[in-house]
Engineer: 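Right, I'll just put the structure down here and ask away after.
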Amino acid sequence: MTAFDYDLFVIGGGSGGVRAARVAAGYGAKVAIAEEYRFGGTCVIRGCVPKKLLVYASRFRDDFEDARGFGWTVPEPTFDWPALIEAKDKEIARLEALYRQALTSNGVTTLASRAVLDGPDSVRLSDGTRITARNILIATGGSPQIDRTIGGHTLAISSNEAFHLPVLPKSILIAGGGYIAMEFASIFAGLGSKVSLIYRGEKVLRGFDDDLRDDVTLALEKRGVEFILSDRIAALERGDTGVRTRLHSGSTVESVQVMLAIGRIPNTNGLGLETTGVEMGERGQIKVDEFSRTNVPGIFAVGDVTDRVNLTPVAIREGHAFADSVFGGKPVRVHHYLIPSAVFTTPEIGSVGLPEVTARETHGSIDVYKTRFRPMRNVLAGRHERTMMKLIADGATGRILGCHVLGPDAAEIVQMAAIAMRMGATKADFDATMALHPSAAEELVTLRDKWTAPV
Ligand code: FAD
């Protein structure tokens, strides 16, 4: 029998890799994990966590403004970007240390190095060391996509750099229509930058319910974000204020910064996959089955590198299920359905289940319940922004197929609705649930009238 250096070698110390390494070690496996940048991965270092901290910072603008309506006298507030970035970096460093500690205290060997595959049961570190392992887990995540067809694309930043800008840009053009583009548009606008968002489609946030897409666009417009839709960046060049962006339509935009948030690609480039025969899809993602197995026995992949549903809780669940299946003797499949998600714009989106269009296509008869209202806090604040809540129920069974919220605390509300939906809750179950008053979420259990499209 071959003697391997490790039972499991994990490439990538992000959400999926760290969870898999820890759980596998807990089952008694001898585990090593290699991370080429910082333990914690995208989510902790340059994704969910620093993003949410910036979101919080951007929302104080509303708090200062609204406080006046509640009797407070607030002196003109000022904002210090370097102070925010310093505080954020300190918190990220604290979390990174916790991740490392969680690994070492579980007996996992941590290697601060890039690792690439070197055959089906071995990896090579940057210093040339070759390590063999009975099982290899690829958890290398993804990176911001760069559109090299755009002339002067090196003048643009991605979300990676946005977290480390030395000064808050007076103006920024953000390209993209996904949640990362929208969130950064909202963050920068809240902090005081002049923001334009350019997207090639007619509507941002493809895949979300149309009411959310329309309402959030309107809300951000009212908050000063300029939307340039159905257009694309042709070229970037140095301009008077920073970067001059030439658009396909012929117009130009001048801004201090340009940020590309046009998608993310799986980190498989230069990973040595050709030495193993592991199959990839056309986006460079690693193809896996429901147990995160690749086509090569002993090689597995979880998280964004597999391009299934690219969210942290999904990567964590896949990593955990992998460890349970391979080292814990209990095969666990990960089901990629009813995954709640949020867009942390201000106002924010929380969404779970099917958008109306998809529900109609897949279920035929559906009932739609929808409300728009001014949240209580907004009245005294003199704010006219409205919350939107929507439930989509199967016409035959009443089972809730989709729950979509735009407004304060939407993410928190929808996380709870997702539990009910997983349990098969129907509209009648929502109706039978006593309201919690006064709250915004109570609207979800008091929606009585079916919404019919105006003719
Ligand atoms: P990652 O966390 O990306 O970890 C992969 C790790 O592998 C990285 O640390 C990388 O340095 C390392 N690595 C890569 N190649 C090698 C190699 N060859 N050798 C050694 N190490 C290597 N998700 C949410 O659920 N909610 C959010 O609000 C959210 N916000 C986001 C905001 C932004 C700006 C971004 C970019 C992402 C956000 N995400 C969010 C997505 C989330 O961060 C990812 O889905 C999650 O991090 C995926 O985990 P992972 O383990 O697959 O990969």
Side-chain angles (χ1 to χ4, degrees), residues 48 51-79 84 87 179 182-193 195 204-205 208-209 211-225 340-352 369-391 402-420 430-431 433-449 451:
C48 339
K51 182 266 310 271
K52 192 84 188 271
L53 296 175
L54 264 52
V55 168
Y56 285 131
S58 71
R59 288 182 178 170
F60 281 99
R61 173 179 295 272
D62 284 11
D63 294 337
F64 290 126
E65 285 172 10
D66 294 359
R68 297 192 180 105
F70 290 86
W72 291 91
T73 303
V74 184
E76 201 49 47
T78 56
F79 171 67
L84 169 64
Y179 77 95
M182 290 289 282
E183 289 176 339
F184 274 97
S186 178
I187 289 168
F188 282 119
L191 295 178
S193 306
V195 180
V204 293
L205 294 177
F208 283 87
D209 186 87
D211 279 308
L212 293 174
R213 301 169 77 187
D214 293 339
D215 285 19
V216 76
T217 305
L218 212 66
L220 289 196
E221 257 172 0
K222 285 192 177 151
R223 286 170 171 266
V225 176
S341 68
V343 183
F344 290 103
T345 42
T346 306
E348 75 186 29
I349 285 176
S351 176
V352 58
Y369 302 84
K370 183 158 74 173
T371 179
R372 287 189 173 85
F373 60 94
R374 203 172 167 200
M376 197 188 234
R377 166 177 158 147
N378 284 4
V379 182
L380 293 198
R383 192 173 285 286
H384 293 281
E385 207 160 73
R386 286 178 175 266
T387 286
M388 196 281 297
M389 290 190 179
K390 183 169 178 181
L391 285 178
C403 173
H404 311 289
V405 179
L406 171 78
D409 303 322
E412 312 290 339
I413 295 168
V414 163
Q415 172 70 86
M416 294 297 107
I419 302 174
F430 272 60
D431 293 346
T433 303
M434 197 69 82
L436 188 161
H437 184 74
S439 69
E442 69 178 311
E443 294 288 330
L444 283 180
V445 298
T446 54
L447 281 167
R448 291 292 179 261
D449 299 326
W451 185 83

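Just so it is clear, the model here is predicted, and its values are computed rather than measured.
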Engineer: In residues 403-414, what donor-acceptor pairs under 3.5 Å come from side-chain atoms, sequence neighbours left out?
Structural biologist:
from	atom 1	to	atom 2	distance (Å)
His404	ND1	Ser351	OG	2.9
His404	NE2	Leu354	O	2.8

Engineer: Grab the two heavy atoms, one from Leu436 and one from Glu442, that are nearest each other, plus how far apart they are.
Structural biologist: O-CB, 3.4 Å
Engineer: Let me confirm one number: the CD1-CG distance from Ile349 to Leu212, rounded to the nearest 0.5 Å.
Structural biologist: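 Interatomic distance, Ile349 CD1 to Leu212 CG, rounded to 0.5 Å: 4.5 Å.
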Engineer: With rounding to the nearest 0.5 angstrom, report the CG to NZ distance, Leu444 to Lys390.
Structural biologist: 13.0 Å
Engineer: In terms of heavy-atom contacts, does OH of Tyr56 have more than 12 from other residues, nucleotides or ligands at under 6.0 Å?
Structural biologist: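 Count not over threshold, so no.
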Engineer: When you measure from the side chain of Ser186 to the backbone N and O of Met182, does any donor-acceptor pair fall under 3.5 Å?
Structural biologist: no
Engineer: Indicate the atoms forming the closest heavy-atom contact of Leu191 with Ser58, along with that distance.
Structural biologist: CD2-CA, 3.6 Å
Engineer: Is the shortest heavy-atom distance from the side chain of Arg223 to the side chain of Pro347 under 4.5 Å?
Structural biologist: yes
Engineer: Looking at CZ of Phe430 and OG1 of Thr446, how far apart are the two atoms once the value is rounded to the nearest 0.5 Å?
Structural biologist: 11.5 Å
Engineer: If you round to the nearest 0.5 Å, how far is CD1 of Ile187 from CZ of Arg59?
Structural biologist: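 If I round to the nearest 0.5 Å, the distance is 9.0 Å.
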Engineer: Would you indicate whether the side-chain heavy atoms of Leu54 and Glu183 approach each other to under 4.5 Å?
Structural biologist: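 No. Closest side-chain heavy atoms not under 4.5 Å.
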Engineer: On a heavy-atom basis, which atom in Arg68 and which in Pro77 lie closest, and how many Å separate them?
Structural biologist: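 Heavy-atom minimum between the residues: NH2-CD, 4.4 Å.
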Engineer: Does the side chain of Val204 come within less than 4.5 Å of Leu220's, by heavy atoms?
Structural biologist: no
Engineer: Which atom names give the shortest non-hydrogen contact between Arg377 and Phe70, and what distance separates them?
Structural biologist: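 Looking at all heavy atoms of both residues, the closest pair is O-CZ, 3.5 Å.
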Engineer: Does some side-chain heavy atom of Arg448 sit less than 4.5 Å from a side-chain heavy atom of Asp431?
Structural biologist: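 Yes. Closest side-chain heavy atoms under 4.5 Å.
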Engineer: What is the minimum heavy-atom distance between Arg386 and Pro375, and which atoms define it?
Structural biologist: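 Closest pair (atom of Arg386, atom of Pro375, distance): CA-CD, 4.3 Å.
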Engineer: Between Arg383 and Asp62, is any pair of side-chain heavy atoms under 4.5 Å apart?
Structural biologist: yes
Engineer: What are the two closest non-hydrogen atoms of Val195 and Ala189, and how far apart are they?
Structural biologist: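 For Val195 and Ala189, the tightest heavy-atom pair comes out as CG2-N, 3.5 Å.
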Engineer: Under 4.5 Å between any side-chain heavy atoms of Val216 and Val343, yes or no?
Structural biologist: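 Not touching, per the 4.5 Å side-chain cut-off.
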Engineer: Calculate, to the nearest 0.5 Å, the distance between atoms OH and CZ belonging to Tyr179 and Phe184 respectively.
Structural biologist: 10.0 Å
Engineer: Atom CE of Met389 and atom CZ of Arg372: how far apart are they, to the nearest 0.5 Å?
Structural biologist: 12.5 Å
Engineer: Looking at side-chain heavy atoms only, is the closest gap between Glu443 and Thr387 below 4.5 Å?
Structural biologist: no
Engineer: Taking the side chain as every heavy atom from C-beta outward, state whether Phe79 and Leu84 have any atom pair closer than 4.5 Å.
Structural biologist: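 Yes, their side chains come closer than 4.5 Å.
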